[in-house]
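These numbers come from a predicted model, not from an experiment. Keep in mind that the numbers below use all heavy atoms, side chains included, and drop hydrogens, waters and symmetry copies.
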Amino acid sequence: MAKKSDLVSAVQDVLEGKDFKINQKQTTQVVDAVLDSIIGLTGEAGKLQLIGFGNFEVRERSARKGRNPQTGEEIEIAASKNTAFKAGKQFKDFIK
């Protein structure tokens with residue numbers, strides 16, 4: 001499993017390969033800015049499409065009935081919003 005620090009290192013390697021002079025702290029700020037932008041745009045627009053990479057989307061789940069697994073009692077589950085990511089073709093092809 002990769003972590004955020006691995007992503008920062010990978011981004012820094014790519015930038016250095018393109019002759020960008022950037023240190024680890026600045027690269028972390030760039031990665032944070034990109035992630036914050038993805039979150040913000042997805043939340044505002046409801047969907048963010050990055051062609052070739054994938055789609056980030058907010059999905060709404062309606063209220064529904066469920067059961068408490070311990071007592072079997074029927075309960076009402078409130079409506080909620082969830083996030084979803086669907087990989088794009090280029091991403092899927094790379095993974096295969």
Side-chain angles (χ1 to χ4, degrees):
M1 176 175 77
K3 298 182 279 186
K4 183 178 173 184
S5 59
D6 299 324
L7 176 60
V8 170
S9 295
V11 169
Q12 186 166 8
D13 291 343
V14 169
L15 292 175
E16 286 176 353
K18 296 183 183 226
D19 292 329
F20 282 92
K21 304 298 179 207
I22 189 168
N23 64 36
Q24 190 82 12
K25 183 177 179 183
Q26 292 169 322
T27 305
T28 301
Q29 291 172 334
V30 169
V31 169
D32 287 342
V34 169
L35 295 176
D36 289 344
S37 298
I38 289 171
I39 292 168
L41 288 169
T42 302
E44 289 172 16
K47 186 173 185 178
L48 173 62
Q49 182 179 25
L50 301 173
I51 295 176
F53 183 72
N55 299 321
F56 295 90
E57 184 176 7
V58 176
R59 295 184 182 163
E60 294 190 25
R61 297 184 75 181
S62 58
R64 62 197 187 281
K65 294 188 186 289
R67 293 211 178 267
N68 180 331
Q70 293 178 337
T71 64
E73 177 186 355
E74 193 171 274
I75 59 173
E76 184 69 26
I77 301 171
S80 64
K81 291 183 179 182
N82 296 308
T83 57
F85 174 77
K86 183 176 180 187
K89 182 178 180 349
Q90 187 178 6
F91 193 158
K92 288 179 186 177
D93 290 346
F94 179 77
I95 299 299
K96 288 181 183 179

Shortest non-hydrogen contact between [X] and [Y], atoms and distance:
X: Asn23; Y: Gln12; answer: C-NE2, 3.5 Å
X: Thr27; Y: Val8; answer: CG2-O, 3.4 Å
X: Gln24; Y: Ser9; answer: NE2-OG, 3.9 Å
X: Val31; Y: Val11; answer: CG2-CG2, 4.0 Å
X: Gln49; Y: Asn55; answer: CG-OD1, 3.0 Å

Can you list every pair that meets salt bridge (Lys or Arg N to Asp or Glu O under 4.0 Å) and has a residue in [range], with sequence neighbours left out?
range: residues 14-41; answer: Lys4-Asp32
range: residues 55-64; answer: Glu57-Arg59
range: residues 77-92; answer: Lys89-Asp93

*Check the pair Phe53, Phe85 against ring-ring contact (aromatic ring centres under 6.0 Å, His included), reporting the backbone distance first and the verdict last.*
CA-CA 10 Å; Phe53 183 72; Phe85 174 77; 5.5 Å; yes

Cluster overlap [X] with [Y], hydrophobic side-chain contacts below 4.5 Å:
X: Leu35; Y: Val14; value: no
X: Ile39; Y: Val30; value: no
X: Ile95; Y: Phe56; value: yes

*asked:* Assess the residue pair Thr83 and Thr42 against the criterion (side chain to side chain contact (heavy atoms under 4.5 Å, CB included)); give the C-alpha distance rounded to whole Å, side-chain angles, the decisive distance to 0.1 Å, and a yes or no.
replied: CA-CA 9 Å; Thr83 57; Thr42 302; 5.6 Å; no

*Quick check: are there more than 12 heavy atoms from other residues, nucleotides or ligands sitting under 6.0 Å from CD of Gln90?*
no

*asked:* If the threshold is 4.0 Å, N to carboxylate O, is there a salt bridge linking Glu76 and Lys65?
replied: yes

